[in-house]
Trainee: 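A single structure is presented below for examination.
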Amino acid sequence: MTFTVLARDGRTDLIGAATASKSLAVGNAVIDVRRGVGAAASQAWTNRALRGRLLDAVASGSAADAVALIPRWDDEPALRQAAVLPAAGTGAAHTGADTSPWSGHLVESDLIVAGNLLTGEDVLGAMRDAWLAGDEDPTITPAPDAAAFAARLVAVLAAGEAHGGDRRGRQSAAVMVTSSGITGDAWVDLRVDDHDDPLAELHRLVELRASDLRLDLSARKA
């Protein structure tokens, strides 16, 4: 019902999550980020509590160990899809056997993409390729601030949507970014709950956030 990206850029000490769905207010239920800890997602037949549990677990352990605890926290793990990317170290994901097809996930060193009720596995491949292409584009990477990083995450979602996305259509999207280190203060938390073109609207909101950040930086320098 949803496709999601969790990503980290060690060069800028930023970590974030973005998600899109043909469901109302996907940002309210699916993603979360915690400064200095990581980013998490819980989707499919969503158990919202898994986000906080996964982030609590990676604060003092590995992502793989955190994901392995899902059957202990949830009595229906086959219905769940969840992922966690820590501030440092490899992420991990779980796609239950009873999640709506097509469903699956991909885990890279600084990236997790996951989705269910998709048009096909090429949705996730396109998202991964869009992220990796950003690594090779000097105009995109490193993202100089939280809003630029958020824009990159939205672009990853757009690549997935262009390859089919949620097979029911589109309705909502969200993006969150914070500092992967405990001393940073970066923050973006933007949501589009109900829109004919949620990713275009989310991109517009990210641009507004970028303007706010530039104004704030100018005020600090004055």
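Note: hydrogens, waters and symmetry copies are ignored here, and every other heavy atom, side chains too, is used. Just so you know, these numbers come straight off a predicted model, no measurement behind them.
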Trainee: Just how far is it from atom CH2 of Trp73 to atom CG of Leu54, taken to the nearest 0.5 Å?
Mentor: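 Between atom CH2 of Trp73 and atom CG of Leu54 there are 5.0 Å.
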Trainee: Look at Arg191 together with Asp189 and state whether they make a salt bridge at an N to O cut-off of under 4.0 Å.
Mentor: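 Here Arg191 pairs with Asp189 in a salt bridge, since their nearest N and O are under 4.0 Å apart.
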Trainee: Could you measure the distance from the CZ atom of Arg170 to the CZ atom of Phe3? Nearest 0.5 Å is fine.
Mentor: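 Between Arg170 CZ and Phe3 CZ, I get 9.5 Å after rounding to 0.5 Å.
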Trainee: Would Ile31 and Val113 show up in the same hydrophobic cluster when neighbours are defined by side-chain heavy atoms closer than 4.5 Å?
Mentor: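 In one cluster with Ile31: Val113, no.
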Trainee: Hydrophobic clustering (ILVMFWY, side-chain heavy atoms < 4.5 Å, transitive) - are Leu118 and Val154 grouped together?
Mentor: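 Both belong to a single hydrophobic cluster.
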Trainee: Asp145 side chain to Ala148 main-chain N or O, any donor-acceptor pair under 3.5 Å?
Mentor: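 A pair under 3.5 Å: yes.
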Trainee: When you measure from the side chain of Thr46 to the backbone N and O of Ala44, does any donor-acceptor pair fall under 3.5 Å?
Mentor: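 Yes, Thr46 side chain to Ala44 backbone: donor-acceptor pair under 3.5 Å.
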Trainee: A quick test of your reading: do over 12 heavy atoms of other residues, nucleotides or ligands sit less than 6.0 Å from CH2 of Trp45?
Mentor: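 Counting other residues, nucleotides and ligands, CH2 of Trp45 stays at 12 neighbours or fewer.
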Trainee: Just how far is it from atom CE of Met176 to atom CG of Leu6, taken to the nearest 0.5 Å?
Mentor: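 Result: 11.5 Å between the selected atoms.
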Trainee: So which atom in Val33 and which in Ala39 form the shortest heavy-atom distance, rounded to 0.1 Å?
Mentor: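 Reported closest heavy-atom pair: CG1-CB, 3.8 Å.
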Trainee: So if you build clusters from Ile, Leu, Val, Met, Phe, Trp, Tyr with side-chain heavy-atom gaps below 4.5 Å, do Ile112 and Val84 land together?
Mentor: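 As far as the 4.5 Å side-chain criterion goes, Val84 and Ile112 are not connected within one cluster.
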Trainee: If I compare all heavy atoms of Leu24 with all of Asp193, which pair ends up nearest, and what's the gap?
Mentor: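 So the two residues come closest at CD1-O, 3.3 Å.
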Trainee: Tell me the closest heavy-atom pair linking Val58 and Val37, and the distance in Å.
Mentor: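 Of all heavy-atom pairs spanning Val58 and Val37, the closest is CG2-CG1, 3.9 Å.
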Trainee: Quick one: does Glu108's side chain get under 4.5 Å of Arg128's, heavy atoms only?
Mentor: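 The answer is yes; the side chains approach within 4.5 Å.
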Trainee: Rounded to the nearest 0.5 Å, how far apart are CG of Asp13 and OG of Ser180?
Mentor: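 It is 4.5 Å, given to the nearest 0.5 Å.
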Trainee: Using side-chain contact (heavy atoms from CB on, under 4.5 Å) as the criterion, list what pairs up with Asp110, not counting sequence neighbours.
Mentor: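 With sequence neighbours excluded, Asp110 shows a side-chain contact (heavy atoms from CB on, under 4.5 Å) to Arg8, given in chain and number order.
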Trainee: Ignoring hydrogens and geometry, is there a side-chain-to-backbone donor-acceptor pair from Asp32 to Arg51 under 3.5 Å?
Mentor: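 Judged by distance alone, no pair lies under 3.5 Å.
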Trainee: At their closest point, which heavy atom of Gly104 faces which heavy atom of Leu124, and how far apart are they?
Mentor: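 Where Gly104 meets Leu124 most closely, the heavy atoms are O-CD1, 3.3 Å.
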Trainee: Side chains of Leu111 and Met127, heavy atoms from C-beta outward: is any pair under 4.5 Å?
Mentor: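 Side-chain contact under 4.5 Å: no.
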Trainee: Show me, pair by pair, the donor-acceptor contacts under 3.5 angstrom made by side chains of residues 88-99, not counting sequence neighbours?
Mentor:
from	atom 1	to	atom 2	distance (Å)
His94	NE2	Pro77	O	2.8
His94	NE2	Arg80	O	3.4
Thr95	OG1	Gln81	NE2	2.9
Thr95	OG1	His105	ND1	2.7
Thr99	OG1	Gly96	O	2.8
Thr99	OG1	Ser103	OG	2.8

Trainee: Got Val30 and Arg48 here, is their nearest side-chain heavy-atom distance under 4.5 Å?
Mentor: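 Side-chain contact under 4.5 Å: no.
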Trainee: Does any N or O in the side chain of Arg167 come within less than 3.5 Å of the main-chain N or O of Pro101, such that one atom is a donor and the other an acceptor?
Mentor: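 Side chain of Arg167 to backbone of Pro101: a pair is present.
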Trainee: Check the pair Arg53 / Asp74 against salt bridge (charged side-chain N to carboxylate O under 4.0 Å, His left out), numbers first and verdict last.
Mentor: CA-CA 11 Å; Arg53 287 184 176 272; Asp74 191 311; over 6 Å; no
Trainee: Is any side-chain heavy atom of Gln43 less than 4.5 Å from a side-chain heavy atom of Ser21?
Mentor: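 No - every pair of side-chain heavy atoms lies 4.5 Å or more apart.
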Trainee: Does one hydrophobic cluster hold both Val156 and Val26, with members joined at side-chain heavy-atom distances below 4.5 Å?
Mentor: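 No, Val156 and Val26 fall in different hydrophobic clusters.
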Trainee: On a heavy-atom basis, which atom in Leu153 and which in Val177 lie closest, and how many Å separate them?
Mentor: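 That would be CD1-CG2, 4.0 Å.
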Trainee: Would Glu121 and Val123 satisfy side-chain contact (heavy atoms from CB on, under 4.5 Å), going step by step from the backbone distance to the final call?
Mentor: CA-CA 5 Å; Glu121 61 184 313; Val123 175; over 6 Å; no
Trainee: Strictly distance-based, threshold 3.5 Å: is any side-chain N or O of Ser211 a donor or acceptor partner for the main-chain N or O of Glu207?
Mentor: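 Pair found, side chain donor or acceptor close to backbone of Glu207.
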Trainee: Okay, side chain of Arg209, backbone of Trp187: is any donor-acceptor separation there less than 3.5 Å?
Mentor: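 Side chain of Arg209 to backbone of Trp187, a donor-acceptor pair under 3.5 Å: yes, one is there.
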Trainee: Check whether any side-chain N or O of Ser172 sits under 3.5 Å from a backbone N or O of Gly27 as a donor-acceptor pair, and report yes or no.
Mentor: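 Not at all, since once roles are kept as given, no pair shorter than 3.5 Å links the two residues.
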Trainee: Out of curiosity, Ile15 CD1 to Thr178 OG1, how far, rounded to the nearest 0.5 Å?
Mentor: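 Going from the CD1 atom of Ile15 to the OG1 atom of Thr178 covers 9.0 Å.
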Trainee: Report whether Leu55 and Leu69 are members of the same hydrophobic cluster (ILVMFWY, side-chain heavy atoms less than 4.5 Å apart, transitive linking).
Mentor: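 Linked within one cluster.
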Trainee: So does Arg204 pair up with Glu201, basic N to acidic O under 4.0 Å?
Mentor: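 Yes, charged N to carboxylate O under 4.0 Å.
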Trainee: Can you see which heavy atom on Ala18 is nearest to which on Leu157, and at what distance?
Mentor: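 Looking at all heavy atoms of both residues, the shortest contact is CB-CD1, 3.6 Å.
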Trainee: Taking 4.0 angstrom as the limit, do Arg11 and Asp9 come out as a salt bridge?
Mentor: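 Result for this pair is yes, salt bridge flagged.
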Trainee: Which value, rounded to the nearest 0.5 Å, describes the distance between Leu14 atom CG and Arg152 atom CZ?
Mentor: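 Going from CG on Leu14 over to CZ on Arg152, the span is 11.0 Å.
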